[in-house]
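Worksheet for the structure shown next.
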Amino acid sequence: MGLDILLIKIIKESSVSTDWLPLVENPELRKAYSGFLSQREVDSETESGFHYEVLTSQRKGVNKAFYLKYPPDAFIFTKKGLEDLKKHVLADRLKDFEKDFLEKFIEGENVIIMSF
């Protein structure tokens, strides 16, 4: 599995069942997005979590220091955090990163997920 950086928006409902962040695995989302907390049935049990939609994504394209700084499945909630992430984006991906992430990111509304 490689690196995926996603710009997402937490939403109330989704028709895509895979766009789901379980609360038990992502407790850091509760404080900022408690109003979006939902439930769904999984294997005859009710699971709490958050629906989301992907606004944009980037596959790979970061330097080796990125993997030392960020743990797998880390979140970024602030513009400052996104600016720090930008320091690890490779030069040939920087223009797209600025357009797809920095220009679209709205603090308090969007979240960055880094999955690897």
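Atom set for the values below is all heavy atoms of this structure, side chains included, hydrogens, waters and symmetry mates excluded. Nothing here was measured: the structure is a model prediction, and the numbers come from that model.
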Check whether Ile5 and Phe77 end up in the same hydrophobic cluster, where Ile, Leu, Val, Met, Phe, Trp and Tyr are linked by side-chain heavy atoms less than 4.5 Å apart. no
Answer yes or no: are there more than 12 heavy-atom neighbours, outside Gln39 itself, under 6.0 Å from its atom CD? yes
Would you check if the side chain of Arg40 reaches a backbone N or O of Gly49 as a donor-acceptor pair within less than 3.5 Å? no
With the side chain counted from C-beta on, respond yes when Val54 and Thr56 share a heavy-atom pair under 4.5 Å apart, and no when they do not. no
Counting only heavy atoms not in Glu41, do more than 12 fall under 6.0 Å of its CD? yes
In plain terms, say whether Glu107 and Lys79 are close enough for a salt bridge, that is, a side-chain N and a carboxylate O under 4.0 Å apart. no
Check against side chain to side chain contact (heavy atoms under 4.5 Å, CB included), Tyr52 and Lys9: CA-CA 5 Å; Tyr52 68 93; Lys9 180 177 182 177; over 6 Å; no
For the atom pair CZ (Arg59) and CZ (Arg93), what is the distance rounded to the nearest 0.5 Å? 10.0 Å
Transitive ILVMFWY side-chain link Phe50 to Val42, under 4.5 Å: no
Any donor-acceptor pair under 3.5 Å linking the side chain of Ser38 with the backbone of Lys12? yes
Roughly how far, to the nearest 0.5 Å, is the CD1 atom of Ile11 from the CZ atom of Phe36? 9.0 Å
Test Ile10 against His51 for side chain to side chain contact (heavy atoms under 4.5 Å, CB included), laying out the working first. CA-CA 6 Å; Ile10 304 294; His51 296 283; over 6 Å; no
Return the minimal non-hydrogen interatomic distance between Tyr67 and Leu3, and the atom names on each side. OH-CB, 3.5 Å
For the residue pair Phe75 and Asn26, establish whether any side-chain heavy-atom pair is separated by less than 4.5 Å. yes
I'd like to check Ser57 versus Asp4 (side-chain heavy atoms, cut-off strictly below 4.5 Å). Are they in contact? no
Between CG of Asp19 and CD of Glu13, what distance do you get to the nearest 0.5 Å? 14.0 Å
Could you tell me whether Phe116 and Phe66 have their ring centroids closer than 6.0 angstrom? yes
State, yes or no, whether a side-chain contact exists between Leu85 and Lys87 at a heavy-atom distance under 4.5 Å. no
Do Leu82 and Leu7 have side chains that get closer than 4.5 Å, going by heavy atoms? no
State, with a plain yes or no, whether a side-chain heavy atom of Val62 is found less than 4.5 Å away from one of Tyr70. no
Kindly indicate whether the side chain of Ile112, heavy atoms from C-beta on, has any atom under 4.5 Å from the side chain of Leu6. no
Would you mind listing every salt bridge (charged side-chain N to carboxylate O under 4.0 Å, His left out) that reaches into residues 25-39, with sequence neighbours excluded? none
Glu103: what forms a side chain to side chain donor-acceptor pair (under 3.5 Å) with it, not counting sequence neighbours? none
For the residue pair Ile113 and Ile8, establish whether any side-chain heavy-atom pair is separated by less than 4.5 Å. yes
Before giving the answer on side chain to side chain contact (heavy atoms under 4.5 Å, CB included), spell out for Ile76 and Met114 the whole-Å C-alpha distance, their side-chain angles and the decisive distance to 0.1 Å. CA-CA 8 Å; Ile76 293 176; Met114 297 166 289; 3.8 Å; yes
Before we go on, tell me: are the rings of Phe97 and Phe101 under 6.0 Å apart, centre to centre? yes
Could you go through the side chain to side chain contact (heavy atoms under 4.5 Å, CB included) check for Lys80 and Glu83 one step at a time? CA-CA 5 Å; Lys80 181 183 179 337; Glu83 290 285 349; 5.5 Å; no
